[in-house]
Structures are given as structure tokens and as C-alpha cells.
Amino acid sequence: MHTLVDRGPPGPLSSVYIHIPFCRDRCTYCAFATIADDTALHQRVVRALISELQRHEFSGTWKTIYLGGGTPGLLSAAHLDHLLDGIRASASPRTPEELTLEANPANITREALTSWAAMGVTRLSLGVQTFDDRALRSLARLHSAETARRALELIAEFWPGTWSADLLLGWEGQSQAQLASDLTELARFEPPHISAYPLELEQGSLLFSRLQNTFKITSKHTETHISDTLFRKHLEPAGLVRYEVSNFANSGHESRHNQAYWANSEYLGLGPGACSSRAGLRWGNLRDTQAWLAAVESGRSARARAERISPPQRLLESLAIGLRTAEGLSRAELERRFGAAWLPVLECAAEAPLDELGLQLTETRLIAPGEHRLRIDAILSHIARNWPDHEVEPA
Amino acid sequence: MKQEHIRNFSIIAHIDHGKSTLADRFLQVTNTVGERDARAQLLDNMDLERERGITIKAKAASMDYVRDGVTYRLNLIDTPGHVDFNYEVERAMQACEGALLLVDASQGVEAQTVHNTVLAEQADLHLIPVINKIDLASARPDEVVEEIENALAIEGERAVLASAKTGIGVEEILNRIVDEIPAPRGDKDAPLRALIYDAEFNDYRGVIMHVRIVDGELSAGDRVRLMADGTRHEALEIGVFRPHLTPVKRLGTGEVGYLIANIKTLNEVRVGDTICLEKDREVKPLPGYRPARAMVYCGIFPVQNGDFDDLRTALTRLQLNDSAFSFMPESSDALGFGFRCGFLGLLHMEIVQERLERESGVDVVQTAPNVTYELLDNEGATKLIRSPSELPDPTHIAELREPIVKLNVVAPDEFVGAIMKLTIERRGRFLKQEYIGPGRVLVGFRVPLAEIIFDFFDKLKSATRGYATMDYELEGYAADALVKMRILVNGEEVDALSSIAHKDHCEPRGRAILKVLRKEIRRHLFKVALQAAVGGKIVAREDIAPVRKDVTSKCYGGDISRKRKLLEKQKAGKKRMKMVGNVEIPQKAFLAVLGTREKT
């Protein structure tokens with residue numbers, strides 16, 4: 001009989017995320033593992049990141065490397081260079097297909113851009129968030145709209161690689177008009193990629209503790225996604241394609257690193273709080289930078305928690321992230337990884353024909369077409385309610 | 001004790017008119033209990049009774065009182081004041097020859113006073129009016145005397161002015177009991193006939209029967225027979241209430257006491273039954289009572305399905321000392337397995353619920369109450385309908401009848417308009433209006449019980465700024481344009497939400513139910529249509545629009561587990577959901593519609 005299985009990811013481990021836990025100041029909405037900037041710690045953290053990687057005994061190819069945070073742009077050129085050397089030392093070839101660096105507009109200078117390019121960074125992810133100064137202040141971002149504009153101009157002029165502008169949606173008081181004006185302004189710089197994620201109230205963020213005492217999150221009254229209308233008006237004319245619910249790119253400029261996540265591939269996460277998925281396990285590192293340092297420096301594992309993902313869980317995940325993409329999931333790949341049972345399991349959980357739910361099964365793919373993709377959480381919630389706990393034999 | 005020196009009496013009073021205080025005062029004055037032993041309101045045994053200041057079960061106390069050098073045995077049989085416990089009142093009255101009619105000097109005659117006076121007169125009791133609480137500044141004894149004359153047709157000048165609290169008039173009441181209330185009749189030489197006028201359950205001793213010796217005498221160790229079922233028992237212990245159980249060797253004609261006969265459950269004892277000696281073959285049973293009939297039903301369900309057995313145990317225990325309470329298993333599409341419970345009335349229902357919570361610790365959900373309908377089918381057979389789901393297809397119904405009550409409301413006359421309006425909205429028919437005293441009226445209606453069981457008293461209280469009191473008495477069953485209103489979700493019927501209503505009330509009621517449902521049911525991927533239907537006709541409709549956008553969650557830095565766990569939480573949520581077709585209805589929605597309270 002058909003049973004759900006997990007025959008493993010589509011390819012070998014080839015993506016690594018490196019968490020740089022430093023920030024000049026803490027954004028109110030951030031719940032990441034960060035600590036105030038402390039240059040004395042930079043050296044220690046860089047060394048620890050390298051030795052954490054060594055513990056994993058990786059030898060292969062890094063197709064994508066992603067430096068996130070935190071504020072990786074805060075690391076000096078020397079530290080960054082050292083870190084990247086260490087990461088690439090274990091890999092062959094040493095040059096990844098994509099090396100992303102997250103940067104704050106306040107850290108963008110011509111010199112920085114030049115040195116990052118020289119180190120092999122191929123992609124910048126710039127935290128523009130919005131051009132509304134009041135919002136930037138209330139979110140305690142370090143930069144102003146003017147800083148963002150200058151950074152974008154510098155990038156347009158001096159950055160040789162590709163880049164993404166990150167927008168923040170759903171902040172308090174954001175109107176449709178403000179979002180439209182952010183998009184208009186951003187489009188002037190012809191970004192090859194835009195990420196637009198809604199602000200989420202995370203436990204552990206300053207915003208959370210501030211709002212929980214005063215009023216509820218206002219996402220109902222603000223924009224939590226870029227509507228189809230806004231997309232057509234402001235982004236489509238610039239050749240941007242909505243290749244994932246929250247991500248837009250010119251052809252060839254998609255985030256390969258994120259695509260690896262969305263395919264439920266293996267990835268390694270280094271640094272405090274980073275998540276990894278490898279060999280059927282998923283784990284998260286210790287979130288506290290000092291605790292993480294102490295573990296790594298004494299040769300212990302930095303894992304805080306780990307779990308083995310069962311085949312039904314893995315399939316649910318694959319659907320949850322894969323259906324957010326425009327191309328959806330490949331039926332052949334679903335069948336390869338989970339066996340023929342994936343479809344009956346999905347159909348049982350749906351309790352209705354898939355197309356009634358807003359899912360489309362073509363000859364080769366499973367997708368949530370058009371407007372249905374904008375309510376994908378509701379569709380998945382519906383499916384998740386009936387999802388099997390363990391491996392099941394479909395009737 | 002010589003028969004001519006026995007006086008058996010009860011006290012009739014409205015709630016809070018001071019009955020228990022007076023009873024306690026009697027116990028002290030007669031030295032039945034010492035000052036130090038006197039807990040406040042000794043006769044109210046249950047915590048619940050003491051807290052609410054009401055008497056639920058009939059109680060008894062035997063006191064010795066000396067008048068003109070002669071010792072008399074005064075047996076007080078305390079009765080519940082509320083209409084729900086009519087059956088208890090009637091039984092207790094059967095064991096008495098007289099009653100004190102206790103009226104609060106400032107509150108005056110209330111609806112229940114009127115009702116219970118009628119019962120006492122039917123039982124042929126000698127009545128002694130007592131106006132209590134005359135020590136209060138707000139006392140208006142002259143007006144209350146007038147009310148007693150007008151409303152109860154009893155000579156007001158016979159009333160004793162008293163204060164149970166201060167002791168004023170208490171001796172006079174005792175003297176009047178001795179002088180006026182007749183000694184028990186009954187043939188002391190005839191074979192034993194004892195009336196079971198109440199029974200209670202005790203964890204250690206089993207059933208304790210409260211008995212009145214009508215003829216003959218009962219001795220400890222006698223072999224006795226309960227005549228209704230013919231069961232035989234040994235009188236292991238007999239005794240009197242002083243007020244605690246005090247064993248005696250013998251109970252003579254006219255005496256009141258208790259009998260313990262190793263009976264394990266209340267079901268084995270029928271209140272109203274006659275006890276005779278096992279050897280006597282030719283004894284004629286005493287006229288019994290009409291059995292108590294449940295008038296109000298509601299569903300009681302455990303919050304946790306696994307608590308079903310615990311709930312059954314708890315209900316069984318409650319039934320041990322409340323034989324008027326009944327229950328049977330019921331399964332509801334919405335609430336799972338539980339019990340359909342029958343009560344004498346609303347107060348009875350409330351009391352049972354409270355005891356259930358207090359004594360069992362099981363978390364329960366209770367549905368809104370409904371009455372027992374009577375169905376006449378096409379073949380001319382009648383059937384009792386306890387729940388809307390028992391109703392057959394409309395084509396099989398010749399007539400649907402509902403219980404009708406005579407409702408008396410007593411209130412200051414300025415509120416007559418408000419009382420009329422409220423009652424007529426509830427399909428009430430005006431019967432009479434009488435002035436029972438200066439500015440105080442009694443308004444009588446005939447009204448369907450279904451209309452007053454839910455929130456009527458609350459509405460009445462607020463319409464009369466708390467002044468009105470009400471009482472009702474079942475008159476019979478009458479047919480009306482009653483229909484079953486069904487609730488449909490995307491065309492599928494939700495059985496648990498069906499109700500029986502007058503056809504003119506369906507539209508507003510249906511609308512109200514759908515509004516509540518609309519609030520409680522989340523948006524789905526498709527449109528959800530909510531409809532209220534009577535037969536094939538839709539009387540109300542609400543739509544829930546489908547989800548159009550919902551893309552707020554993302555995954556941070558590869559934390560896909562977190563996203564999956566959020567989704568997995570949906571599964572736990574679903575367990576509390578009831579599926580109707582492919583629409584999820586949360587249990588909360590049922591509770592909101594059924595007008596229920598969740599007890600925790």
C-alpha cells in the first residue's frame with residue numbers, strides 16, 4: 001500500500017545561512033537574536049562561526065551563502081573577509097552562485113560597496129522598509145528616508161551585483177496610499193528584486209511589549225500584503241514578476257537562497273538562533289549570543305532544540321512554503337520525495353475537491369493560482385486541520 | 001406523648017420573610033437547642049439553602065412546650081417556599097393540621113404567599129397569620145393586615161404581630177398553636193398506617209424516611225411493608241427530629257419522626273406511600289400524592305468528553321436526595337454525549353446545577369431550558385416531546401400543545417402597564433387585576449410556560465425596579481401555532497440548534513440566532529450561508545463572506561518548523577469544532593446560541 005515517505009531533499013546540502021548578531025540599535029519589531037554592537041566581540045563571533053561550521057564537517061558546494069542578522073554590514077571588511085574565507089574554505093569550488101549580504105541603508109557607502117564586491121558578495125539585501133520618516137522613527141530604524149534614497153542611488157551607481165529592496169508592511173498607520181507611494185518611489189531605482197513582508201508582532205520584540213499593554217496590532221487596518229492592483233500598477237511595469245507571495249524579481253534575479261528554503265531543501269544555519277535542516281532533522285541554535293559563543297568555543301553543540309520531521313510533517317511544510325510560489329510544486333518531485341501517497345493524503349485533508357479550495361493540479365504541477373495565492377494561509381489552515389499525525393495508509 | 005398533646009404544623013412564607021429565623025427562635029424558646037448550639041437557621045441543612053436563604057427540602061423539628069402546666073409536643077414541618085417545590089409543600093401539608101402564614105411587615109403579601117395559602121386551604125389546614133419583622137422601621141403592619149384580608153380572605157385581626165429576630169410575639173405564636181391547631185385525629189388502636197411525607201439520602205445510613213403516624217403505632221424492630229411496591233423491611237431505627245435525629249423506641253399516633261430501614265436508594269421509596277406492619281394484610285393505603293412531573297428540561301454535557309461517566313455518577317448522587325430530578329442520556333451533534341435533565345421549574349434547575357458544580361467538580365455545559373410539549377399525532381396518540389429533535393415530520397403532527405400556567409404577579413400599581421406589556425409580548429392573556437392593599441396589585445395572566453422559563457423573571461424584575469414577585473401554577477396543555485424552526489448551514493440542518501417556537505416569533509428569533517452564529521463562525525474559503533427555516537420557508541438569512549486575503553505568515557531565516565507548528569495548532573482547534581458539511585462551527589457558537597452558561 002501507499003504510505004507517505006520522505007526520500008530526502010531534492011539535492012545535497014548547498015545553502016548556508018550565517019547570522020551576524022550585531023545591531024547598532026534594536027528595531028522595535030525585531031525578535032532576532034541580536035546584541036548591541038560591540039566591536040570587541042566581532043573577532044570572537046567570526047572565529048566561532050567558522051569553528052561551528054567545522055563541527056558540521058561539510059564538504060561540498062555552497063551554492064548560496066546568506067549573511068543575515070543583525071547587521072552583517074557592521075562587520076569590518078577584514079572581519080567579513082576572514083569569515084567568508086573560513087566559510088568557503090570547506091567548499092569547492094570556493095565561489096558560490098549567490099552570496100547575499102543584508103545591509104542597512106545607513107551602512108551603505110561607496111567604499112563598503114566596493115569592498116563587499118571585492119570579497120565576492122553577489123547580492124545585497126537592503127532594508128529600506130519604507131520612505132515614511134515617521135514610521136521609520138517609530139520602528140526605531142537607524143536610517144531616514146533620505147538615507148535610504150542615498151543608499152539606493154549609490155547602489156544604482158556603484159554596485160556591480162544584483163540586489164533586493166526589503167519593504168515592511170503592516171506597520172501602524174500605514175495606508176494604501178503610503179504603500180503606493182513607497183512602491184512608486186522604490187520603482188524609480190529600478191530594483192531587480194523586492195521583498196515585502198508584513199510586520200509581525202513577535203514575542204520578544206520591543207514592539208510586542210509596547211503594544212501588548214496599549215492596543216492590539218493594527219494589521220487589520222493596514223496593508224499586510226501588496227495587492228494585485230498595486231502590483232500591476234507599480235511593479236509589473238518595471239518587469240518585476242511576483243514569483244512568491246512576498247517576493248518580486250526581474251527574471252534571473254530571484255533569491256536562490258530563499259528558493260532553497262521553499263523547496264524544503266537542506267540548509268545549514270550558523271550563529272545564535274540560526275536554524276538548520278539536515279538529515280531529517282531540524283534544529284535551532286541557542287539564541288543568546290553569549291551562550292552560543294560559550295558552547296561553540298568550548299567545542300560543544302550550539303543546538304538549543306532539534307526535532308525529527310516525520311513524512312507527513314515534511315509534506316505539510318513543503319506545501320506550506322511551496323504553494324506560496326508562483327510555480328508551485330512539481331508533481332514529479334512530490335512523488336519522488338513522498339511517494340504516490342502525497343496526493344490522496346492531500347485530498348483527504350482537503351475534504352473537498354482541490355479546485356474548490358483554490359488549488360490547481362496541472363499535469364506536472366500543484367499550484368495556488370492567481371488570487372488564491374493571496375489567501376494561501378487560509379487554504380493551508382483548512383488543510384492542516386485534517387492533516388494526519390503519523391504516516392497513514394490512505395483508504 | 002398523648003395524642004391530644006401533639007400539634008403538627010408548618011410555616012408558609014415567601015422567600016426572605018423570616019421563616020427560618022422564626023423556626024430557630026422556636027427551637028430556642030422551647031429549649032430544644034441551647035443558645036450556644038443555635039447556629040443561624042438550623043433547619044437549613046444544605047450550604048446552598050443557607051446561602052440563598054431558601055428552603056429546598058422539607059425539614060422537621062420536634063419541640064416540647066409547656067402551656068398551663070401541660071407539656072405539648074409541637075412538630076414543625078418546615079416547607080420550601082418556592083412554587084417549584086409545590087410537591088414538597090403539598091406532602092408536608094398532608095402531615096400537618098395547621099400552618100403559620102408568615103408575612104413580612106414591610107414587604108406584605110407576595111405572589112407565593114397567595115399560592116401557598118391556597119394549597120394550605122385545600123389541605124384543610126388551620127391557618128394562623130403572623131406578621132413578622134414588625135421591629136423594622138419600614139414595617140407597615142396595618143396595611144399588611146389589609147392585604148391579608150383582601151388577597152387571602154383571612155381575618156386580619158387574627159394576625160399575631162411578631163419579630164422572630166427580637167422575640168416579640170414568639171410566645172404568643174406558640175400559645176396560639178397549642179390553642180387553635182387541632183390535635184391529630186387518627187385511631188391509635190387501628191393497625192399502623194404511616195405516611196412517608198419526605199425522604200432523604202444519607203451517605204452512612206441510606207434512606208431516611210420522614211413519616212407521620214396516621215393510625216396505630218410504630219416500634220423499633222417492627223417488620224414493615226411499603227405498600228406501593230410491597231417491599232418488606234425491618235424498622236432498624238425510628239426517632240424524632242430534635243432537630244437532630246434522636247432515636248426513640250416508639251412513635252405513637254399523630255407523631256412525626258423518621259424511619260431508617262436499610263434502604264439503599266431513594267428510588268426504592270415513594271414519597272406519599274403508606275407504611276404498614278408486615279403482618280397486617282387488610283390495611284387500606286392512605287390517599288397518595290400526585291407525582292411530581294418535570295416541566296422544564298435542559299441538556300447538561302461534560303466539557304471534557306471523558307468526564308461523561310463522572311457526570312453520570314454525580315447526577316445519580318444528586319438524584320439520591322432529590323427524587324424530583326430526572327435525567328437520561330442524550331447525545332447531541334454539537335456537544336457530544338451528555339444528559340437530558342428534567343426539573344420541576346427554573347429554581348429547581350438552578351439549584352441542581354449549583355449542587356452539581358459544588359458537589360461533583362465536573363465542568364459542565366448547560367443548554368438553554370425548554371418545556372415538555374405534548375404531541376398529538378395523526379393516529380390520535382399523544383406523546384411527550386422533551387427536545388425539538390424528537391419532533392417528527394410536520395405532516396405527522398395533528399397538534400402540538402404546550403404547558404400553560406396561571407401566572408400571578410404582585411407589584412406596586414404604578415408598574416401594571418409595564419407588567420402587562422411584558423407579559424402580553426410573551427403571549428400572555430390577561431385574567432384579572434386585584435388591589436390587595438393600598439397601591440399594591442395582583443395581576444393574573446394565563447401564559448405559556450415556555451415564555452417564562454428563560455429570562456422572564458429577570459425582565460419582570462427590571463421592568464418593576466425589582467418590586468414584582470411572581471408565582472405560577474400549571475394549568476394544563478393548550479395547542480398553539482407552534483412550529484419547529486431549523487437552522488441550516490450551507491443548506492445542512494444543524495439539529496442541535498433547532499427550536500420550537502410560535503410561528504410569529506420565528507423571524508426575529510431566527511434573525512437573532514443567525515447574528516450570533518455569524519459572529520462565532522470564522523470565515524471559510526467559500527461563502528457560508530446561514531438560514532433559519534420553518535418548514536420549507538426561509539425566515540432569516542445571513543452570509544459569511546469567504547476569506548479573500550490571508551498571507552501574513554512567513555518564515556524567518558529558515559525556521560520552517562515554526563510555520564508548520566502554527567499550522568499544526570489548527571488541528572487542535574479543529575477538535576473543538578463541529579463539522580456541518582464542510583463548515584466548522586466552534587462549540588462556542590453553540591453555547592452562544594443556546595443561551596447557555598459554561599460552568600468552570
Side-chain angles (χ1 to χ4, degrees), chain A residues 15 17 19 31-32 66 68 169-170 197-198 200 202 219 224-225 227 245-246 257-258 260-262 264 267 269 273-277 282-284 305 307 309 313-314 316-321 324 351-352 356-358 371-387 389, chain B residues 305 333-334 336 488-492 494 518-529 543-590:
Chain A
S15 292
Y17 171 83
H19 189 79
F32 273 123
Y66 195 105
L169 307 177
Y197 281 109
E200 278 177 34
E202 304 268 343
S219 62
T224 55
H225 71 294
S227 69
V245 168
S246 303
H257 185 81
N258 280 332
Y261 288 152
W262 301 337
N264 217 347
Y267 50 87
C275 290
S276 303
S277 193
R282 183 170 296 113
W283 68 88
R305 60 201 150 84
E307 61 173 343
I309 314 291
Q313 287 178 317
R314 183 75 74 179
L316 183 63
E317 289 178 354
S318 292
L319 295 171
I321 47 186
R324 289 171 62 96
E351 286 185 327
E356 259 179 48
L357 255 58
E371 72 276 17
H372 295 300
R373 213 176 312 134
L374 293 184
R375 51 170 199 169
I376 192 67
D377 284 4
I379 297 174
L380 286 163
S381 296
H382 176 89
I383 293 169
R385 278 161 218 257
N386 300 309
W387 203 251
D389 284 310
Chain B
N305 258 332
D333 284 351
L488 310 174
V489 173
N490 272 1
E492 284 199 42
V494 188
R518 199 193 137 137
K519 231 169 67 189
E520 300 290 342
I521 297 176
R522 66 171 182 88
R523 287 182 173 214
H524 280 60
L525 295 171
F526 36 80
K527 187 173 83 178
V528 175
D543 286 339
I544 301 172
V547 177
R548 265 190 285 277
K549 51 174 194 180
D550 186 2
V551 284
T552 54
S553 48
K554 58 167 171 175
C555 33
Y556 275 127
D559 194 354
I560 296 167
S561 290
R562 199 176 104 136
K563 185 169 179 62
R564 188 196 72 238
K565 281 171 187 160
L566 282 175
L567 286 172
E568 284 173 343
K569 277 188 189 156
Q570 303 282 342
K571 210 176 342 181
K574 164 137 190 177
K575 289 186 182 135
R576 294 188 297 273
M577 299 281 183
K578 154 81 187 141
M579 295 299 295
V580 173
N582 47 9
V583 179
E584 288 171 5
I585 306 180
Q587 195 181 47
K588 251 177 77 199
F590 288 100

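The chains referred to below are lettered A, B, ... by the order of the sequence lines, with proteins before strands, and numbering in each begins at 1. In what follows, every heavy atom counts, from backbone to side chain, and hydrogens, waters and symmetry copies are set aside.
Counting only heavy atoms from C-beta outward, the side chains of A:Asp377 and B:Lys563 approach each other to under 4.5 Å.
Taking the salt bridge (Lys or Arg N to Asp or Glu O under 4.0 Å) definition, one finds that B:Glu492 meets it with nothing, sequence neighbours left out. Listed by chain and residue number, B:Glu584 satisfy the salt bridge (Lys or Arg N to Asp or Glu O under 4.0 Å) test with B:Arg522 (two or more places apart in sequence, or in another chain).
Looking at A:Ile309, only its side chain comes within 4.5 Å of chain B, counting heavy atoms on both sides.
Contact detail for A:Tyr261 and B:Ile560: the closest heavy-atom pair is O-CD1, 3.7 Å.
Of the inter-residue distances, the one linking A:Ser318 atom OG with B:Arg564 atom CZ reads 11.0 Å to the nearest 0.5 angstrom. Considering NZ of B:Lys565 and CD of A:Gln313, their distance stands at 8.5 Å, rounded to 0.5 Å. In this structure, CD on A:Glu317 lies 8.0 Å from CD on B:Glu568, to the nearest 0.5 angstrom. Note that the CG atom of B:Leu567 and the CG atom of A:Leu316 stand 5.0 Å from one another [nearest 0.5 Å].
Looking only at distances, a side-chain donor or acceptor of A:Arg375 sits under 3.5 Å from a matching main-chain atom of B:Leu525.
Per-residue counts of heavy-atom pairs under 4.5 Å with chain B were compared for A:Asn264, A:Ile379, A:Leu380, A:Asn258; the largest is that of A:Ile379.
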